[in-house]
Amino acid sequence: MSNTIINAWFTLNKDVYVSFNSSIKIILYNTINGNSFITSNAVHIKLIKEVYNPVNLGVVDLGLYDIADDSIYDFIDEITKLNIGIIIEKKSENKPMNFLPILCLQNDIEKLQQSNQEYLIGDNISQYLHSINLIISNKCSHNCTGCDIYYKQIPSCSKLSDVSFMPLHIIKDIVIKSSYLQVKRINILGGNIIFHPAWNDLLDFLQEYDFSYHLWFNLNQINDPYYLLSLPFNKEINISMPFENNTLLEMIELVNTKKDFTFNFLIEDLSHLELINNISNNYEINSTISPIYNKQNLQFFEENVFLEESDILSEVIEMRKIFCNQKLNSNFFGSLYFLPNGEVKANMNCPTIGYFQNQSIVELIYNELVNNTTWRRIRDGEKCQECIYRFLCPPTSNYEIVLKKENLCNLFNS
C-alpha cells in the first residue's frame, strides 16, 4: 500500500465537501452518497489542506511529502473506499488538475458592501421574492392561550395589537405589483381573516390573479365548515392544543380527501402525538406537525427537536444546499410580511425593513438584502463557527430566535 501511495497523485472526489470550521477537526462529506469521514489527526488535516492549496491545483504528489505518521496510509485507504479520496497512478510526470468545488459568487453582497459597490446589489433582485404574507386584520373574538407565541414560530393568526385592517386598495396594490415579480404564493393571515370589512370583495379580487393563495385559520375560529368548503383557495387550519375532538373530527370527515385543506397540528408535548397519529392513520388528509415552544417546555424541545449528530447526517445533503447555507437562509429567504399598519418585515421576529406606502416592493427587497434582518442569517454564532457541521445543519429557524439560542443541537449544550 505504501509504495502505491508514494508513486501516486492524491485528490478528492469533486462531489466532496470539506469543513475546515474547527481548528482541530475536519469532516469530509460526499454530497452524492452521504459518506463522511471525521478526523482530528493533524497529519490528515495537513494533507487535505494541501489539496486545497491553490498552487497544487487540487492534486498533490504523495511522493513529495515526508509523512512520518503511518496512519496516513489507513486514512487514504479508508476515504478512497468511501469514494471521498482518489488515488491516481503516476504514469508520467505530467501533473493532473482537479478543480474542486469552491463557493465564489460574482455578486456576493458582503464583497459588494466592503468594496462600496452596494449599487450593484439591485441587479435582478426582484426575482428573489417568491412569497408574500398579507396580515389583513388583527381582529378576533377568541383569546387563545398561544395567540402571542404561535405567529412568532409558524404562520398563524394573531391579534398582534389594537384592532386594525389593511385597506382593500392597499391589498390590491400589493397583489397587482407582485404579479410583475416572481411571487408564486400569497398567504392571507389575520386575526380572523373573515372579519375583514371587505372580505367578499377581497375574495372576488384575488381570483383575478393567478397565485397560490393560502387562507390561514385556527380551528377555534371555524363556526361553519361548509363555508370554508365554498372558498376557492387553499385552506390552512392550525390546530392548537387542547381542542374539541368532536369538532375536529366532524370537520375532517366533511373535508376528508380534499386536497385544498391542510391541518397543521401544533404540539407542545409528546402526549399530543398519539391522538394526531390516530387521526392521520384513519383519514386521508393533508397534515403537518409543528412543535411549539411555550416557555415551559424546553425539555420537550431538547429531547425531540434539538439535533443529534445522527440527525444531521441522516439524509444526503447536496453540495448546492451546503453552498446555499453559507450565504443565505432558505427558511426565510424570499418572503415578506405586510402588516395592517403599513410595516413590512422579512420575519415577524425581526425589525421593520420599511413601509409599503412609502417604498416599492423592490426597494423593500433591497432593504432586506442590505440590512439582513433574516434572509441572509447563517450559522455564524460563536458555537456554530467552530462546528464542523456548521453548513451541513439546517439553517436557523424561528425556534432559535424565540428560544434565544444560536444552535438547537445537543453537540455543544453540555
>> Could you work out, with ring pair (Phe, Tyr, Trp, His ring centres under 6.0 Å) as the rule, every residue matching F205, not counting sequence neighbours?
In response: Y209
>> I want to know whether Y52 and F20 have ring centres closer than 6.0 Å.
In response: yes
>> Run the side chain to side chain contact (heavy atoms under 4.5 Å, CB included) test on N294 and Q296 for me, step by step, so that the C-alpha distance in whole Å, both residues' side-chain angles and the decisive distance to 0.1 Å come before the verdict.
In response: CA-CA 5 Å; N294 61 15; Q296 308 296 325; 3.5 Å; yes
> Strictly by modelled atom types, are N21 and S19 linked by a side-chain donor-acceptor pair under 3.5 Å?
Replying inline: yes
> Does a donor on one side chain and an acceptor on the other come within less than 3.5 Å for N331 and S397?
Replying inline: no
> So, does D311 use its side chain to make a donor-acceptor pair with the main chain of E308 at under 3.5 Å?
Replying inline: yes
> For the side chain of N56 and the backbone of G58, is there at least one donor-acceptor N/O pair under 3.5 Å apart?
Replying inline: no
> Residues in ring pair (Phe, Tyr, Trp, His ring centres under 6.0 Å) with Y337, at least two apart?
Replying inline: none
> Are D260 and K235 ion-paired here, with the side-chain N under 4.0 Å from a carboxylate O?
Replying inline: yes
>> Taking the ring centre of each residue, are F301 and F306 less than 6.0 Å apart?
In response: no
> Okay, side chain of Q153, backbone of V402: is any donor-acceptor separation there less than 3.5 Å?
Replying inline: no
>> Counting only heavy atoms not in E315 (residues, nucleotides, ligands), do more than 12 fall under 6.0 Å from its CD?
In response: no
